[in-house]
Amino acid sequence: MKKVLILGSTGSIGINALKVIERLNDKFKVVGLTAYNNCGLLEEQVGKFNPKYVAVSGKYVAHLKKKLNSSKVKVLNVDNDLGFLASLKEVDIVLIAMSGSAALIPFLSAIKEGKVIAPANKEAIVIAGNIIMAEARKYNAQIIPIDSEQSAIFQALEGRNKDELKTIHLTASGGVLLNRPRNSFDNLSIKEILTHPRWKMGKKITVDSATLMNKGFEVIEAKWLFDVAVDKINVVIHPEAIIHSMAEFVDGSIIAQLAVTDMRLPIQYALTYPKRFATKLESLDFGKLSRMNFLKPDYNKFPSLALAIEAGKKEGSFPSVLNAADEVAVEAFLNGKIKFTDIYKIVEKIVCQHRSKKEVNLKQIIDADKWAREEALKLIKG
Ligand code: MN3
């Protein structure tokens, strides 16, 4: 039995991860679950999976302790204790389903203990991919991505020699704005942005999918995860989201991973790797599918994608600044404080003001994050 810690068990990835574990309950034991403020659902999950540890935001710790009085579960604080949880001897796999750069601390702790890490979280690898990958090599920790595109690339590259890789074709559904004219973007409502055609996800990532910033983050992520130059990563719009990404080799052969759009599949693969087990998911029906479409991304319509690719090329603390400014701007949009098109304007302005060396340490990354957040808040207020 593999022992699993899930950071962010009440979000959509966390909920799906627990569904996978429930089906494969003879193979996995949940050791710890963490959430931010969804105490109700966390409580339910504790009842079902009986973990040894849970963690929530500091202000809810006392409340949750009271609620879970009768069980033996230890209640910890997500603001301070994630590093401790991720480094526990009794944990084999750390599944990082929480969002935000706060995942960086438990990510690095898990690496130092040589654990298997299954990240769905983007921010940690986007802002500190070079440090994460160097540490993972040093401590022999295995990183098996959950994000559907990274999982597809991981699967396509399995057993291959890296020198044989020519291009990664990173697919994108194109988001909710694919067929909307750019001149209508200014008046887009929050509700219109939050209806993603293919995937059900959290709000922040759904907005990032609409701007294609999410795809830009994935370019940066793929660069670090698979050690390939940004120039070798080609973004392809594929609205059906059936091909989850592809690897093209030097001989011109392309290996793609295809499946129904259901996150339980890449989650299960990350947990059971290198084995595969049956799922209850339906098979792709090619007869019904009949066609798949592909097109080039429109960088003028979606400038966030170009900005992210540029930040990925420049390295240093640029990805950190990009991520932090985007997080603040998207939140302001979701709170009705700025227009949809202001998201890009704010992020672009801050990235352009930033200066960074190519090589940066963890402190410089965190300082850049903090600086970008402050600058973004100033712009939003002004
Ligand atoms: Mn994705």
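None of the values given here were measured: they were computed from a predicted structure. Just follow the structure's listing: the first ligand is 1, and inside any ligand the first atom is 1.
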Is there a side chain to side chain contact (heavy atoms under 4.5 Å, CB included) between K2 and L271? Walk through the geometry before answering.
CA-CA 9 Å; K2 292 263 194 262; L271 288 171; over 6 Å; no

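Counted within 6.0 Å of CD1 on I105, heavy atoms from surrounding residues, nucleotides or ligands total 12 or fewer; the atom is thus considered open. Within 6.0 Å of atom NZ in K203, 12 or fewer heavy atoms from other residues, nucleotides or ligands are found, so the atom counts as exposed in its surroundings.
The closest approach of E218 to the Mn ion (ligand 1), by N/O/S atoms, is made by OE2. Within E149, OE1 is the N, O or S atom that lies nearest to the Mn ion (ligand 1). Closest approach between the Mn ion (ligand 1) and any N/O/S atom of D147 involves OD1.
The shortest distance between side-chain heavy atoms of Y299 and I309 falls below 4.5 Å.
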